[in-house]
Amino acid sequence: MAELSTAPLQNDEVDLFIIGGGINGVGIARDAAGRGLRVVLVERDDLASGTSSASSKLIHGGLRYLEHYEFRLVREGLAEREVLLRIAPHLVRPLRFVMPHQPALRPAWMIRVGLFVYDHLGGKTSLPGSERVDLASQLGTGLKRIFRRGFAYSDCRVDDSRLVVLNARDAARNGARILTRTACVEARRDGMRWRIATEDRSSGTRRWFLARALVNAAGPWVGEVAEGVAGLAPRDRVRLVKGSHVVVPRLYQGEQAYLLQNADGRIVFVIPFEERFSLVGTTEVAVSAAPGPIGISSEEILYLRRVVAGFLERGFENNDIVWSYAGIRALYDDGSRDLSAVTRDYVLELDGGKTVPPLLSVFGGKITTYRRLAEQALDRLRPDFPDMKPAWTAGGVLPGGDIGPGGMMALISRLVATRPQLPAELLRRLARRHGGDVETLLGDARDLGDLGQDFGGGLYEREVAHFRRHEWARRVEDVIWRRSKAGLHMTPDGIAALTAYLARQGSAPDLSPTTGPAAR
């Protein structure tokens with residue numbers, strides 16, 4: 001693995017300049033770089049520091065979107081689910097969902113029809129189909145006994161922020177320049193080029209680029225970038241919706257997730273998370289502007305507690321919460337009054353082209369369909385890049401995705417057999433994070449002493465060095481919440497030791513006192 005380049009570009013003229021280091025921005029950067037375009041991507045904070053690390057951690061077709069007749073979106077999501085299982089098998093894992101049946105909300109025949117469509121709409125699938133289940137079985141563990149029947153179906157879980165990072169790594173591997181903690185402060189059309197100014201937020205250094213096309217993938221800030229950076233007239237295209245999640249100690253045994261249908265028409269997921277925890281979410285709250293750092297409100301916590309208490313034998317209290325996070329989704333404004341009915345589809349808006357350099361703005365979208373969004377974005381830009389190579393990412397395995405024969409279980413078994421002095425739990429976590437790259441990461445390490453300083457929670461110096469060298473991690477939060485979820489397992493002393501280590505390495509510590517459980 002080559003180290004991240006810090007050398008200046010030899011020429012500031014590029015083909016495609018992308019604003020936004022979330023899943024859509026890095027997906028477009030990866031695809032474009034692999035098609036032979038010269039690409040620069042800037043992100044004012046860390047990769048996935050906004051919406052793309054604040055999801056429900058799912059790769060799914062969107063079962064509930066069927067109620068709003070969004071068949072194209074569901075079909076595309078289900079097809080992409082299969083693609084992501086192939087290209088990122090270490091990050092994307094099958095998960096069985098159980099939906100307790102409530103006859104007062106939806107009759108059983110309606111749910112069966114919906115699940116039949118869900119099973120077949122996306123074409124051939126590698127996952128088990130849906131079925132009606134007896135909740136007295138293992139699949140109903142932890143549910144209140146009033147729920148006797150339910151339905152089970154398949155989708156997938158994912159580490160959302162790692163998916164972003166691996167797309168950025170693959171973009172860089174194909175020649176893209178990824179500049180984190182770098183703000184785009186101005187973009188103006190200059191003949192048939194965009195003249196773009198960036199500013200390094202650490203040093204204040206300014207730099208200019210000329211680009212043939214500009215992509216605005218700033219998520220909740222897409223309007224702000226179009227207006228304040230590119231100088232375009234304001235356009236009201238976005239509905240901003242805040243979604244929040246909590247993580248609590250395991251609420252039930254078993255590896256199934258629950259889909260809980262609330263009487264207000266919304267759903268809440270309860271998902272096994274990081275071995276010892278349950279992830280609960282999400283809420284939906286309309287907001288008028290994209291704020292800075294946000295957190296879950298007391299009202300949202302109460303809402304999630306009430307939903308869970310209505311279904312599970314064991315609920316949770318405020319002091320059970322070990323971690324919470326919130327993000328803003330930028331949904332395309334389709335005029336729907338009900339937030340739950342607002343389309344989750346994406347819209348690509350092209351401004352310019354032919355006689356002026358194009359600006360492509362990305363509205364909406366979700367993690368599951370980011371790769372198809374990127375393909376369609378480049379299709380829209382093809383008139384400006386007629387020599388661009390064809391689409392390729394459906395068959396391009398992400399870093400670590402080459403896990404060898406037998407899948408993840410076989411990879412973990414090989415690691416345990418060949419490195420018996422290393423704890424099996426540690427090897428399993430490393431394999432889930434790094435896939436086939438885990439052998440390169442471990443190198444000659446045969447025991448824990450070979451991994452360097454122990455920060456606790458299964459996080460060692462060797463992996464932190466990898467995050468810094470190959471994955472743009474600079475700060476504590478980057479390491480323990482986005483490159484890993486070690487923050488759930490670490491003590492305050494471990495976080496303090498990591499903070500001191502990064503300071504010695506020249507990375508500025510940036511740990512909010514409300515970031516996670518160790519701060520309490």
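In what follows, every heavy atom counts, from backbone to side chain, and hydrogens, waters and symmetry copies are set aside.
Between V416 and the options L427, L411, L422, a side chain to side chain contact (heavy atoms under 4.5 Å, CB included) holds for only L427.
With hydrogens and angles disregarded, a donor-acceptor distance shorter than 3.5 Å links the side chain of Y252 to the backbone of Q256. R474 places no side-chain N or O within 3.5 Å of a backbone atom of R468 that could act as its donor or acceptor partner. For the pair Y460 (side chain) and D450 (backbone), a donor-acceptor distance under 3.5 Å is absent. Checking side-chain atoms of E284 against main-chain N and O of G243 turns up no donor-acceptor pair under 3.5 Å. For H90 (side chain) and P399 (main-chain N/O), a donor-acceptor pair under 3.5 Å exists by modelled atom type. Side-chain atoms of S53 come within 3.5 Å of backbone N or O of A48 as a donor-acceptor pair. Judged by distance alone, the side chain of S154 and the main-chain N or O of L127 form no donor-acceptor pair under 3.5 Å.
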Before you tell me yes or no, could you show the steps for V362 and L373 under side chain to side chain contact (heavy atoms under 4.5 Å, CB included), namely the whole-Å CA-CA distance, both residues' side-chain angles and the distance that decides it to 0.1 Å?
CA-CA 9 Å; V362 179; L373 181 153; 3.8 Å; yes
Stepwise side chain to side chain contact (heavy atoms under 4.5 Å, CB included) check, V248 with F277
CA-CA 6 Å; V248 297; F277 303 97; over 6 Å; no
Determine whether L459 and H489 satisfy the following criterion, side chain to side chain contact (heavy atoms under 4.5 Å, CB included), listing intermediate values before the conclusion. CA-CA 9 Å; L459 185 67; H489 310 282; over 6 Å; no
Do I296 and S324 pass the side chain to side chain contact (heavy atoms under 4.5 Å, CB included) test, and can you show the C-alpha distance, the side-chain angles, and the key distance before you say yes or no? CA-CA 7 Å; I296 190 170; S324 66; 3.5 Å; yes
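Considering OG1 of T282 and CG of L304, their distance stands at 7.5 Å, rounded to 0.5 Å. Interatomic distance, OG1 of T125 versus CD of E82, reported as 4.0 Å (0.5 Å rounding). Distance NE2/H60 to OG1/T368: 4.5 Å, rounded to 0.5 Å. The CG atom of L95 sits 8.0 Å away from atom CD of E255, with the distance rounded to the nearest 0.5 Å. Of the inter-residue distances, the one linking I294 atom CD1 with I328 atom CD1 reads 3.5 Å to the nearest 0.5 angstrom. Between the CD1 atom in I412 and the CE atom in M409 there is a gap of 6.0 Å [rounded to 0.5 Å].
The 12-atom threshold is exceeded at CZ of F71, counting heavy atoms of other residues, nucleotides or ligands nearer than 6.0 Å. Open room surrounds CZ on R306; 12 or fewer heavy atoms of other groups in view lie less than 6.0 Å from it.
The shortest distance between side-chain heavy atoms of C156 and L84 does not fall below 4.5 Å. Side-chain atoms of R145 and E313, non-hydrogen and from C-beta on, do get closer than 4.5 Å to each other. Under the 4.5 Å side-chain criterion, counting only non-hydrogen atoms from C-beta, I267 is not in contact with L260. No side-chain heavy atom of R181 sits less than 4.5 Å from a side-chain heavy atom of E43. Considering only heavy atoms from C-beta on, I321 stays 4.5 Å or farther from V247 through its side chain. No side-chain heavy atom of K57 sits less than 4.5 Å from a side-chain heavy atom of R157. Considering only heavy atoms from C-beta on, L259 comes within 4.5 Å of Q261 through its side chain.
Of the charged side-chain nitrogens involved, at least one lies within less than 4.0 Å of a carboxylate oxygen, so that D155 and R81 count as a salt-bridged pair. Ionic pairing of D45 and R475 is not present here: no N-O contact between side-chain nitrogen and carboxylate oxygen is shorter than 4.0 angstrom. Salt bridge annotation for D46-R482: present, with a cationic side-chain nitrogen under 4.0 angstrom from a carboxylate oxygen. Under a 4.0 Å N-O distance rule, the pair R314/D320 does not qualify as a salt bridge. A salt bridge links D159 with K485: the closest approach of a Lys/Arg side-chain nitrogen to an acidic carboxylate oxygen falls below 4.0 angstrom.
Between A29 and A171, the shortest heavy-atom contact is C-CB, 3.8 Å. In terms of heavy-atom proximity, I178 sits nearest to A172 at CG1-CB, 4.4 Å. Here the closest non-hydrogen pair linking V98 and P100 is O-CD, 3.6 Å.
Residues meeting the salt bridge (charged side-chain N to carboxylate O under 4.0 Å, His left out) test with D170, sequence neighbours left out: R30, R173. For the ring pair (Phe, Tyr, Trp, His ring centres under 6.0 Å) test, residues two or more places apart in sequence or in another chain that qualify with Y501 are F455. Every residue two or more places apart in sequence or in another chain that forms a salt bridge (charged side-chain N to carboxylate O under 4.0 Å, His left out) with E275 is listed here: R429. With sequence neighbours left out, F273 forms a ring pair (Phe, Tyr, Trp, His ring centres under 6.0 Å) with no residue at all. Remark: R371 engages E80, E375 in a salt bridge (charged side-chain N to carboxylate O under 4.0 Å, His left out) (not counting sequence neighbours). Applying the ring pair (Phe, Tyr, Trp, His ring centres under 6.0 Å) rule to H101 yields the partners F151; only residues at least two apart in sequence or on another chain are considered. Every residue two or more places apart in sequence or in another chain was checked for a salt bridge (charged side-chain N to carboxylate O under 4.0 Å, His left out) with R428, and none qualifies. Not counting sequence neighbours, Y370 has no partner by the ring pair (Phe, Tyr, Trp, His ring centres under 6.0 Å) test.
A donor atom on one side chain and an acceptor atom on the other are found under 3.5 Å apart for Y303 and N262. E67 and Y65 are not linked by any side-chain donor-acceptor pair at a separation below 3.5 angstrom, with hydrogens and angles left out of the test. In this model, no donor atom of one side chain and acceptor atom of the other lie less than 3.5 Å apart for D160 and S52.
Residue pairs meeting the salt bridge (Lys or Arg N to Asp or Glu O under 4.0 Å) criterion with at least one member in residues 452-465, sequence neighbours excluded, are R433-E463, D444-R462. Among residues at least two apart or in separate chains, side-chain hydrogen bond (donor to acceptor under 3.5 Å, both in side chains) pairs with a member in residues 405-422 are R419-E439. The salt bridge (Lys or Arg N to Asp or Glu O under 4.0 Å) contacts involving residues 296-305 comprise K242-E300, R305-E317, where partners must be two or more places apart or lie in separate chains.
Ring pair H245/Y325 is parallel by interplanar angle, where below 30° counts as parallel and above 60° as perpendicular.
For the pair R72 and Y346, the cation-pi criterion (under 6.0 Å, within 45° of the ring axis) is fulfilled.
Residues F269 and F97 place their aromatic rings such that the two centres sit under 6.0 Å apart. A ring-centre distance under 6.0 Å is found for F147 and F311.
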Mind listing the side-chain donor-acceptor pairs of residues 128-136 below 3.5 Å, one per line with the distance, residues two or more places apart or on another chain?
residue : atom : partner : partner atom : Å
S130    : OG   : D119    : OD2          : 2.6
E131    : OE2  : R96     : NH2          : 3.3
D134    : OD1  : A136    : N            : 2.9

